[in-house]
Amino acid sequence: MRFAQAILLLAAGAAQAASSWSFDDASISVAAKKGSDAIKEKFSQKAPLTKPVGLGSFDTVKIILTAKEDGKAKRPHQAFVTIKEQETGLEAPFPLTVKDTGKAVVQISQKDLPVQFLLSPKPLKASVVIGSFGEARAVNTPVFDIEIQTDPNTPLPKYEAPVRYGKKPEIHHIFRPGPQSPPKVISLFFALAVVATVPALLVSWLLLGANLNHLTKALGAAPLSHLTFFGSIAAMEGVFLMYYTSWNLFQVLPVAGVVGIVAVLSGTKALGEVQSRRLAGER
């Protein structure tokens, strides 16, 4: 008794494992715009159509079939007619409208196809795909070819391939040339104009009664402060000269910061010494 039960269980498991989806009563018809059937043929999983089916600009292909699971008509979870372009491998699915009885139908015209299909030089491959939940094997069977027939009086649609990520040609950047110094003649003219202000300044001091006799007193009272203050002013002018000729801003800022601190510290003491002489009545 137990042996017989084991045999029955094994047989049921083998039958369940061997179950698969299929289709039957399949036919294809091509209807012209007027509604008359230009062609109507039957096909099956084991006997696909041998000749391509012509699809004109105003034609409609109608596919009818009955989906079955393990030989019984049933509504699957998914049922499609897929059309594939042979050269590029591009594939477009068209879902079948399926009833509870397994009866399925779909209509396809040229306007439903991608532009690439209309430009294909070879016939398109059509397959029936049926599958569902469970252990039953799905079916994917080529059934016929479709030959696109375009209208000679209508221009073919244009197709441009989309931009895709990938290796691109090398880009050679052309950078804007860097700023150049003004002509040397202009630079030399303004440099001489600046240098000419030095003797003009000295002459102005003499005309205004500048007292150079205090120079020895100033250097004697605070020699380091006066010399450092004057040197820092000259050094700052040198920093500006280097910035004009070769340095960039990142090279100028640290040096200018150090020279500025030295000028403030030494200038405070040097000008303090001058103030003390002024307060003592020395002019």
Side-chain angles (χ1 to χ4, degrees), residues 20-69 73-133 137-165:
S20 62
W21 284 96
S22 62
F23 63 89
D24 200 359
D25 299 331
S27 64
I28 177 174
S29 61
V30 180
K33 188 177 181 181
K34 296 180 180 180
S36 59
D37 290 343
I39 181 175
K40 185 174 183 179
E41 296 189 31
K42 293 185 177 182
F43 62 89
S44 64
Q45 287 184 246
K46 297 182 180 180
L49 298 183
T50 57
K51 294 182 179 180
V53 177
L55 180 61
S57 301
F58 304 101
D59 297 343
T60 301
V61 171
K62 186 177 182 180
I63 303 165
I64 301 175
L65 55 86
T66 301
K68 294 184 177 181
E69 181 184 7
K74 190 176 180 180
R75 181 179 182 179
H77 179 253
Q78 292 183 343
F80 294 92
V81 172
T82 60
I83 300 178
K84 184 177 181 180
E85 206 277 323
Q86 298 187 51
E87 290 188 350
T88 62
L90 180 64
E91 194 173 57
F94 297 89
L96 288 157
T97 302
V98 188
K99 297 181 179 180
D100 294 335
T101 58
K103 206 72 175 179
V105 62
V106 65
Q107 294 183 350
I108 304 171
S109 60
Q110 281 197 15
K111 64 180 181 179
D112 301 321
L113 300 176
V115 178
Q116 299 92 319
F117 286 8
L118 303 180
L119 302 176
S120 176
K122 295 182 179 180
L124 307 175
K125 294 287 184 179
S127 303
V128 174
V129 180
I130 300 175
S132 187
F133 299 110
R137 294 192 303 270
V139 61
N140 185 0
T141 305
V143 288
F144 57 86
D145 294 346
I146 298 178
E147 185 176 11
I148 301 298
Q149 298 174 351
T150 58
D151 187 357
N153 299 323
T154 304
L156 293 175
K158 295 182 179 180
Y159 169 73
E160 295 182 1
V163 179
R164 302 184 184 276
Y165 291 103

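On a predicted model such as this, the values are computed, not experimentally measured, just so you know. One is the number of the first residue; the rest follow in order along the sequence.
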Between [X] and [Y], what is the shortest heavy-atom contact and its length?
| X | Y | answer |
| --- | --- | --- |
| Gln116 | Glu85 | O-CG, 4.5 Å |
| Leu113 | Phe94 | CD2-CZ, 3.7 Å |
| Lys74 | Trp21 | O-CZ3, 3.7 Å |
| Leu55 | Ile108 | CD1-O, 4.2 Å |
| Pro95 | Val106 | O-CG2, 3.5 Å |
| Gly54 | Asp59 | O-OD2, 4.4 Å |

Are side-chain heavy atoms of [X] and [Y] found at a separation under 4.5 Å?
| X | Y | answer |
| --- | --- | --- |
| Lys84 | Pro142 | no |
| Val143 | Ile63 | no |
| Leu96 | Phe23 | no |
| Lys62 | Val105 | yes |
| Ser27 | Ile64 | yes |
| Val98 | Pro76 | yes |
| Ser132 | Arg75 | no |
| Ile146 | Phe117 | no |

* To do: Assess whether side-chain contact (heavy atoms from CB on, under 4.5 Å) is satisfied between Val139 and Ser22, documenting all intermediate values.
  => CA-CA 6 Å; Val139 61; Ser22 62; 5.8 Å; no
Separation of [Y] [atom2] from [X] [atom1] (nearest 0.5 Å):
| X | Y | atom1 | atom2 | answer |
| --- | --- | --- | --- | --- |
| Thr60 | Lys111 | OG1 | NZ | 7.5 Å |
| Lys103 | Thr97 | NZ | OG1 | 14.0 Å |
| Glu91 | Thr82 | CD | OG1 | 4.5 Å |
| Ile148 | Lys122 | CD1 | NZ | 15.5 Å |
| Gln110 | Ser57 | CD | OG | 4.5 Å |
| Ser29 | Lys40 | OG | NZ | 6.0 Å |

* Asked: Would Thr141 and Phe43 satisfy side-chain contact (heavy atoms from CB on, under 4.5 Å), going step by step from the backbone distance to the final call?
  -> CA-CA 11 Å; Thr141 305; Phe43 62 89; over 6 Å; no
* Listed partners of Lys125 passing salt bridge (Lys or Arg N to Asp or Glu O under 4.0 Å), at least two apart -> Asp145
* Asked: Leu124 and side-chain contact (heavy atoms from CB on, under 4.5 Å): which partner among Ile83, Leu90, Leu118?
  -> Ile83
* Could you list the residues that satisfy side chain to side chain contact (heavy atoms under 4.5 Å, CB included) with Glu147, not counting sequence neighbours? => Pro52
